[in-house]
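Data first, discussion second: the structure below is written as structure tokens.
Chain letters run A, B, ... following the sequence lines, proteins first, then strands; residues in each count from 1.
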Number of protein chains: 2
Amino acid sequence: MAKFKLDEIDHQILDMLIQNTRVPFTDIAKKLLISAGTVHVRVKKMEDAGIITGSSLMVDYEKLGYSFIAYVGVFLQNTSQTQFVLERINEIPFVTVAHITTGKFNIFCKIRAKDTQHAKEVIFMIDDIDGVYRTETMISLEESINDKKRLMSSIFRDI
Amino acid sequence: MAKFKLDEIDHQILDMLIQNTRVPFTDIAKKLLISAGTVHVRVKKMEDAGIITGSSLMVDYEKLGYSFIAYVGVFLQNTSQTQFVLERINEIPFVTVAHITTGKFNIFCKIRAKDTQHAKEVIFMIDDIDGVYRTETMISLEESINDKKRLMSSIFRDI
DNA sequence: GGTGAAACTTCTAATAA
DNA sequence: TTATTAGAAGTTTCACC
């Protein structure tokens, strides 16, 4: 995985766009004392380099009735089945992320569901996958996402 | 937490914007056979209702040199310290999400770091918080995020 | 590399249906 | 609630530093 060198301007452009993808390039330009054309060129360059991979809307899923979050640890009968099971898990809607992990579990994933009843259905789908020995669930009582500030590219730059 | 009723058009607008926030309203309008003005009004309504909470750029942090992901389970000396410790954890950069959970751990969080050395520093910062008894780390060997399709609002609509 | 201005596209709000 | 429309605003290109 190559490591790209971004300069201060690139990082600041990224930071502004991470906070709000719809901030006008003209505003970015004004703030950084460069031209809108330059912002455009730099963004394009970062897109071409694969550093910017897309953009997404933040949606409040709780407001849509999906307020149940849990983490599910998966034990396999045999580690050779890891890739296969990971793919099956990824096919289940409401599983938002899945990892192959070291430690206690073979696979570890996060689910977002409507309520406990709905979560049960999702967890049973995982349990039913061939090769899954058993699962262990941790229910989230409260999720606290780090400020966007912390997810910003600035903290990922070399100091 | 109130549950909002979105119609089919709203969900499709959300879906298109979740996949790419910069898709022109005129394109959305064309695809859904409505006017751009209508798209504008509906998006504004969802923003006002708090369903749309913002937008963000997707960045490939691996390309920026941050390829280490781990989950850290935290045991507290006393559950009364939960909120306090959660806040301290949230102050640590590179902790991207933190949860209060049922089950084995009191708090459970995800970190993104540069390498094992850097991750060690982050984990030690968690260990050093007052009230933390000990931690348990699971290293992610492979992260597999569900297609955007699965995170889309469509699957969160009532059937 | 960056700029600034022109040409083009999109947004937005008011009006009308 | 939706459509139309026109002026405002944003994006993108390009000749020139």
Which donor-acceptor pairs under 3.5 Å do side chains of residues 116-126 of chain B form with protein atoms, sequence neighbours excluded?
from, atom 1, to, atom 2, distance (Å)
B:His118, ND1, B:Lys114, N, 2.8

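- Enclosure of atom CZ in B:Phe75 by more than 12 non-hydrogen atoms of other residues, nucleotides or ligands within 6.0 angstrom is indicated.
- Relative ring orientation between A:Tyr71 and B:His99 is described as perpendicular, the plane-to-plane angle rising above 60° on a 0-90° scale split at 30° and 60°.
- Residues passing the salt bridge (Lys or Arg N to Asp or Glu O under 4.0 Å) test with A:Arg88, sequence neighbours excluded: A:Glu91.
- Position along DNA chain D of the nearest nucleotide to B:Ile9 versus B:Arg22 favours B:Ile9 as the more 5'-ward residue.
- No hydrogens or angles considered: nothing links the side chains of B:Thr21 and B:Ser55 as a donor-acceptor pair under 3.5 Å.
- Along DNA chain D, the stretch of nucleotides lying under 4.0 Å from any heavy atom of chain B spans, 5' to 3', D:dT1 to D:dT11.
- A nucleotide of DNA chain C counts as in contact with chain B when one of its atoms lies under 4.0 Å from a heavy atom; the first and last such, 5' to 3', are C:dT10 to C:dA13.
- Qualifying salt bridge (Lys or Arg N to Asp or Glu O under 4.0 Å) partners for B:Lys44, counting only residues two or more places apart in sequence or in other chains: none.
- With side-chain heavy atoms closer than 4.5 Å counting as contact, directly or through intermediates, A:Ile69 stands alone and belongs to no larger hydrophobic cluster.
- Electrostatic pairing of A:Glu47 and A:Lys45 does not count as a salt bridge here, judged by no charged N lying under 4.0 Å from a carboxylate O.
- Within the nucleic acid shown, A:Lys44 has no heavy atom closer than 4.0 Å to any nucleic acid atom.
- Within 4.0 Å of B:Thr26, counting heavy atoms only, lie sugar-phosphate atoms of the nucleic acid but no base atom.
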